[in-house]
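To start, the structure under review is shown below, and the notes come after it.
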Amino acid sequence: WFEIKRQLNYKCANAGCHYIEVNEAYSTQTCSCCGSRQDSPKGRSGLGIRVWFCRSCKTTHQRDVNGAKNILAVGLGRL
């Protein structure tokens, strides 16, 4: 992983892009719309749940897409 990160940093610097590492903890469990984590699937048993419904804002999420949105939001917030 170190080499991949190093290459990404190097390539982004040459291309004029930003490379920012983001902690992905809880990114799939946090609602990308309202930020709630109350009704999300948790633990090892929750890993098999691919789609979940946030009761706080009435939104249905696909686990991986929701996580990607949260990671993007954190990265953009750091810029």
Side-chain angles (χ1 to χ4, degrees):
W1 287 114
F2 172 79
E3 183 61 24
I4 291 172
K5 291 177 187 179
R6 189 185 73 75
Q7 286 290 325
L8 282 172
N9 195 22
Y10 169 76
K11 294 291 185 180
C12 287
N14 284 338
C17 301
H18 295 281
Y19 171 73
I20 301 171
E21 289 187 40
V22 174
N23 184 1
E24 73 277 0
Y26 303 106
S27 61
T28 60
Q29 297 177 8
T30 305
C31 175
S32 59
C33 295
C34 70
S36 173
R37 274 199 329 219
Q38 295 176 356
D39 303 316
S40 64
K42 293 174 181 60
R44 286 189 184 261
S45 59
L47 292 175
I49 299 170
R50 306 315 300 166
V51 177
W52 61 277
F53 180 76
C54 177
R55 289 186 225 163
S56 298
C57 66
K58 312 290 189 261
T59 306
T60 302
H61 295 288
Q62 200 281 338
R63 186 180 188 102
D64 295 331
V65 173
N66 181 62
K69 287 179 182 179
N70 285 330
I71 290 171
L72 177 64
V74 171
L76 291 176
R78 290 188 184 174
L79 289 177

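Index from 1, following the sequence.
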Side chain to side chain contact (heavy atoms under 4.5 Å, CB included) between Val65 and Lys69: does it pass, once the steps are laid out?
CA-CA 6 Å; Val65 173; Lys69 287 179 182 179; 3.8 Å; yes
Could you go through Cys34 and Cys54, starting from their C-alpha distance and side-chain angles, then the distance that decides it, and tell me whether this counts as side chain to side chain contact (heavy atoms under 4.5 Å, CB included)?
CA-CA 9 Å; Cys34 70; Cys54 177; 3.7 Å; yes
Taking side chain as C-beta onward, heavy atoms only, is Arg55 less than 4.5 Å from Ser36?
no
Just verifying a value: how many Å separate Ser32 OG and Ile71 CD1, rounded to the nearest 0.5 Å?
11.5 Å
More than 12 heavy atoms from other groups under 6.0 Å of OH on Tyr19:
yes
If you apply the rule side chain to side chain contact (heavy atoms under 4.5 Å, CB included), what do you find for Val74 with Glu24, and how did you get there?
CA-CA 9 Å; Val74 171; Glu24 73 277 0; over 6 Å; no
Evaluate whether atom CZ of Arg50 has more than 12 neighbouring non-hydrogen atoms of other residues, nucleotides or ligands under 6.0 angstrom away.
yes
To the closest 0.5 Å, what do you measure between CG (Asn9) and NE2 (His18)?
12.0 Å
Hey, any chance Trp1 and Leu8 share a hydrophobic cluster, counting ILVMFWY side chains that come within less than 4.5 Å of each other, even indirectly?
yes
Might you work through the side chain to side chain contact (heavy atoms under 4.5 Å, CB included) test for Gln29 and Trp52, ending with a clear yes or no?
CA-CA 9 Å; Gln29 297 177 8; Trp52 61 277; 5.9 Å; no
Minimum heavy-atom separation for Ile20 and Gly75, please, with both atom names.
CD1-O, 3.9 Å
Between Tyr10 and Ile4, is there shared hydrophobic-cluster membership here, with clusters defined by ILVMFWY side-chain heavy atoms closer than 4.5 Å?
no
Should Phe53 and Lys58 count as side-chain neighbours, where that means a heavy-atom distance under 4.5 Å?
yes
Nearest heavy atoms of Asn66 and Thr30, plus distance in Å
ND2-O, 2.8 Å
